[in-house]
Amino acid sequence: MKIAIISEYNIFTTLGGTEYYVDMLLKGLCREGQDLIFITKGDEPEGVKVSENTYGFPVFFLPKTNFEKEEIQQKKVSKSWEIMSPILEKFKPDIIHAHT
C-alpha cells in the first residue's frame with residue numbers, strides 16, 4: 001500500500017512528544033513494508049528539499065512559509081497545498097494521513 005504522511009511535526013527539525021509519535025508511526029509503517037513518503041516543514045525559505053532518510057523512504061521538506069490570515073482561517077487554499085499537490089500526484093498514494 002502507498003501511504004503519504006503529512007505533518008508539520010518531525011524529528012528532523014524539532015523534538016517533542018508529537019514528533020516522537022510521528023516518528024514511531026513512520027518507523028512502524030516502514031517495518032510493515034509499506035511504500036511511504038513523508039511530507040513535512042523545512043527550515044529553508046525556498047524550494048522543496050528531498051532527503052532519503054535512514055529508514056529508506058523519502059522525506060519532502062516544504063519551504064518555510066508565513067501563512068496569510070485567510071489560509072489559517074481556511075478561507076483560502078494554502079500555498080503549501082499548491083507545493084504538495086505535484087508530489088502527491090506523482091506518488092499516487094492509496095492513503096493520505098495528515099497529522100497536524
> Which side chain to side chain donor-acceptor pair (under 3.5 Å) pairs, counting each pair once, include a residue from residues 16-38, with sequence neighbours left out?
Replying inline: T14-E19, D23-K27, D23-Y55, K27-Y55
> Looking only at heavy atoms, which two atoms of K41 and T13 are closest? And how far apart?
Replying inline: O-CG2, 3.9 Å
> How are the rings of F38 and F12 set relative to one another: parallel (under 30°), tilted (30 to 60°) or perpendicular (over 60°)?
Replying inline: tilted
> What residue pairs, at least two apart or across chains, pass salt bridge (charged side-chain N to carboxylate O under 4.0 Å, His left out) with a residue in residues 89-100?
Replying inline: none
>> With a 4.5 Å cut-off on side-chain heavy-atom distances among I, L, V, M, F, W and Y, is there a chain of contacts connecting W81 to I37?
In response: yes
> Taking all atoms of both residues into account, what is the closest heavy-atom pair of P63 and I83, and its distance?
Replying inline: CG-CD1, 3.8 Å
>> So which atom in H99 and which in S7 form the shortest heavy-atom distance, rounded to 0.1 Å?
In response: O-OG, 2.8 Å
> Roughly how far, to the nearest 0.5 Å, is CD1 of I3 from NE2 of H97?
Replying inline: 10.0 Å
> Is any side-chain heavy atom of F61 closer than 4.5 Å to a side-chain heavy atom of T40?
Replying inline: yes
> What distance separates I87 CD1 from I6 CD1, expressed to the nearest 0.5 Å?
Replying inline: 9.0 Å
>> For V50 versus P58, what's the shortest heavy-atom pair and its separation?
In response: CG1-CB, 4.3 Å
> Any side-chain heavy atom of N10 sitting closer than 4.5 Å to one from V22?
Replying inline: no
> Taking all non-hydrogen atoms of both residues, which atom of P93 and which atom of L88 are closest, and how far apart?
Replying inline: CD-O, 3.3 Å
>> Does K2, at its NZ atom, have more than 12 non-hydrogen atoms belonging to other residues, nucleotides or ligands within less than 6.0 Å?
In response: yes
> So if you build clusters from Ile, Leu, Val, Met, Phe, Trp, Tyr with side-chain heavy-atom gaps below 4.5 Å, do M24 and I95 land together?
Replying inline: no
>> Using the rule given for side-chain contact (heavy atoms from CB on, under 4.5 Å), can you reason through F91 versus F60, listing the C-alpha separation, both sets of side-chain angles and the distance that settles it, and then say yes or no?
In response: CA-CA 12 Å; F91 184 64; F60 294 84; over 6 Å; no
> Passes side-chain contact (heavy atoms from CB on, under 4.5 Å), L29 versus F57? Steps please.
Replying inline: CA-CA 11 Å; L29 290 169; F57 57 85; over 6 Å; no
>> Would a single hydrophobic cluster contain both L26 and M1, if residues Ile, Leu, Val, Met, Phe, Trp and Tyr are joined by side-chain heavy-atom contacts under 4.5 Å?
In response: yes
